[in-house]
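Worksheet: the structure to be examined is printed underneath.
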Number of protein chains: 2
Amino acid sequence: MRRQTIRDLAKAAGVSISTASNALNGTGRTNAETIERVKRVAEEIGFRPNALARGLLTKRSHAIGMLTNDTYGRLTLPMAAGVSEVLVDHGLSVFLCATNNDPRLARLHLETLLDRQVDGIIFTATRLDLKPPPELAKLSIPVVYAFAEGPADSISFFPDDAQGARLAVEHLQALGRSRILHITGPEDYLAVRVRAKAYRECVGPKAEVLYGDWSEEWGHEAIQQIFARGDARPDAIFCGNDEIARGVIDALRDKELAVPADIAVVGFDNWEVISRQTRPPLTTIDMELKEIGHQAGLAILSLTKGETVPTGITRLPCRLIARQSCGGPPD
Amino acid sequence: MRRQTIRDLAKAAGVSISTASNALNGTGRTNAETIERVKRVAEEIGFRPNALARGLLTKRSHAIGMLTNDTYGRLTLPMAAGVSEVLVDHGLSVFLCATNNDPRLARLHLETLLDRQVDGIIFTATRLDLKPPPELAKLSIPVVYAFAEGPADSISFFPDDAQGARLAVEHLQALGRSRILHITGPEDYLAVRVRAKAYRECVGPKAEVLYGDWSEEWGHEAIQQIFARGDARPDAIFCGNDEIARGVIDALRDKELAVPADIAVVGFDNWEVISRQTRPPLTTIDMELKEIGHQAGLAILSLTKGETVPTGITRLPCRLIARQSCGGPPD
DNA sequence: AGATGTAGATAAAACCTTTTATCAGAAATA
DNA sequence: TATTTCTGATAAAAGGTTTTATCTACATCT
């Protein structure tokens, strides 16, 4: 059956179109019982306003675009969930656009989004230092960057990598560990450098950082290197991500060293498929990606309402998830 | 600056609004050089049609909704990527709606999608036997089910679990293994039963299935059970997913059994973070989720164009990814 | 009584596009 | 020459909503 229009509603409720509209939206001056009646009839005949028509007139589509550079990887997805969670109750829908790191595709998606009159755009990436498409800066609609750094005077949300690193190191120190090593990912990642710096500041002169790739394999190999050269053995290792940590733990077991008794291990990411399954389960740093999504969603929400939001980078705190790889949860 | 409308375009090109529209869309009768001129001017002034206005009139929004029951899990996302990939070049955008298994949220999203006049809906789930919301069946717009079974006469796309299981078992048999065990997930999963059945048919009377949960932990424990009872040891294990396979491999290493020399192992899912990182890397079955997304996208595309698509369940073939856990890739 | 104010309702314009029906003029036909 | 056919262009309607300005009753005030 044909969808009911406001014209049908007006006729069924015995009022004019404008009155029907006013009654539903609470605009204009309308008698209380008229409002009541219109709403009841609307419910009865199943009237729901056409979002296209409404958007055309109000110039607000109540939709936003989410532009992500990867094919729905593990970093962007919790963020997308966070964004969506915040927005759904405000009637905002999300267009998901995976650019797959292809500039042509990014432009194509962007144009389509603009044609659809989206109220705003959230750009997310898999790397903090990945440059967002420059076209974004020139748009007249609000843009928010999540896990990516926008141009000057834009609004960006980051995990606080330095604080996360401190959290890890200080946790180890509080447990009495002093010879703490840092095995991490490639040095050309911004996050890697930020964390390494914070680590160095906490640990002092004895700090030592081993850069490699993000794999379990590298965690393994790093342990071989350490033990091959045979100088003073560390009593704790802070790893750049959970995969490396898993490799480290496995390598230590092969060497018949006990975790955490001999060496404590902390990971980064709290990627549960790994961190819960290591033996012992991994104490790690959670970047609270969903919370980043929440904040980005709230920011875009405020902006579309015309409210102002402070510009610049907001670093959101990480959280330590205590499991058994450092000596058991506080408990 | 204000967005250019077709009125601006018409004025700039010195033609009427209707001519401008006809020229751009190739409708009506229009002189070749007029078309050329209008298009050039459109490019110059940066005119792009307002999708809302167009959709209002044509009753086709060129957008579809993707309803997924989980919070952006690892199964639905590759599918979403596949859908988007196929549709973007046809100008269709995708609203991503995560219902988080909450019926209230599902209804809310569905209503919003209908208000937005989407041209179709793709429903995806994390389990084949999860019942989609019944409201979907009654819609007047096309609906396609991916990784979920719709009602009779609907259109569904599944991975071919039986074929996938056969692929695994036959691969092992071709490598000369004969005592093949199956360690898998909970029996109340449809996919688990289908795979187990196919496994039994391939292996014959010596078949043995151990049901548990989807965890690495269970893979571990299953190996303990097998060896505790001490009868003839298997020479190959077909696992229900990669996590179980990883647990199995680790447990075998603890028992100083060589993989694949003593026992070959095959996984299921090709979840790369696991399957590439086991030692040795895991031979496994890929469900080709992205391809399922492609097919679902193509189906919805045809349907929105009014073409007909055969109803029923289409099972798409799985693919064997040969790594080292069965005796090395063909290389 | 006449002027003023107010509550409640409404007609009509606006948003931007596509599409139908109409029109003017040129070319072809009778 | 008068009539028909055809090309190319256009005015106007339509789509479903919000909003502005207008209108009618009726109550209040002087």
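Letters A, B, ... mirror the listed sequences (proteins, then strands); counts begin at 1. Reckoned from all heavy atoms, side chains included, excluding hydrogens, waters and symmetry mates.
- Separating the CG atom of A:Asp115 from the C1' atom of C:dT18 is a distance of 16 Å, rounded to the nearest angstrom.
- Side-chain N/O atoms of B:Ser21 include none lying less than 4.0 angstrom from OP1 or OP2 on C:dT17.
- Taking 4.0 Å as the cut-off between side-chain N and carboxylate O, A:Arg37 and A:Glu33 do not count as a salt-bridged pair.
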| request: Would you sort out whether B:Thr19 and B:Ser16 count as a side-chain hydrogen bond (donor to acceptor under 3.5 Å, both in side chains), showing the intermediate values? | output: CA-CA 5 Å; B:Thr19 306; B:Ser16 72; 2.9 Å; yes
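- Counting to the nearest Å, the C1' atom of D:dG16 and the CD atom of A:Gln4 are 13 Å from each other.
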| Which letters describe nucleotides 4-12 of chain C, given B = protein heavy atom under 4.0 Å from base, S = only from sugar-phosphate, - = neither? | ---BBSBBB
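- Rounded to whole Å, the distance from CG on B:Asp8 to P on C:dC15 is 11 Å.
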| task | Report the C-alpha separation of B:Glu288 and B:Leu316 in whole Å, then their side-chain angles, then the decisive distance to 0.1 Å, and conclude whether the side chain to side chain contact (heavy atoms under 4.5 Å, CB included) test is met. | result | CA-CA 8 Å; B:Glu288 304 271 35; B:Leu316 298 169; over 6 Å; no
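- If you check the side chains of A:Thr27 and A:Asn22, you find a donor sitting under 3.5 Å from an acceptor.
- OP1 or OP2 of D:dT18 has at least one side-chain nitrogen or oxygen of A:Asn25 nearer than 4.0 Å.
- With hydrogens and angles left out, the side-chain atoms of B:Asn69 and B:Thr99 include no donor and acceptor closer than 3.5 Å.
- In this structure, A:Arg60 places its CZ atom 11 Å from P of D:dT19, rounding to the nearest Å.
- Here C:dT17 presents its P atom at 9 Å from CG of B:Leu9, a figure rounded to the nearest Å.
- A:Asn100 places no side-chain N or O within 3.5 Å of a backbone atom of A:Asp102 that could act as its donor or acceptor partner.
- Judged by distance alone, the side chains of B:Ser93 and A:Arg116 do bring a donor and an acceptor atom under 3.5 Å apart.
- Between the P atom of D:dT19 and the CD1 atom of A:Ile6 lies a distance of 11 Å, rounded to the nearest Å.
- Distance CD1 (B:Ile35) to C1' (D:dA9): 12 Å, rounded to an integer number of Å.
- Evaluated for a side chain to side chain contact (heavy atoms under 4.5 Å, CB included) with B:Thr68, the options B:Asn101, B:Thr76, B:Leu75, B:Thr126 yield exactly one hit, B:Thr76.
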Protein-nucleotides 13-15 of chain D N/O pairs closer than 3.5 Å?
residue : atom : partner : partner atom : Å
D:dG15  : O3'  : B:Lys59 : NZ           : 3.4

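- Whole-Å rounding puts the A:Arg116 CZ to C:dC16 P distance at 18 Å.
- For CZ of B:Arg3, the number of neighbouring non-hydrogen atoms (other residues, nucleotides, ligands) closer than 6.0 Å is greater than 12.
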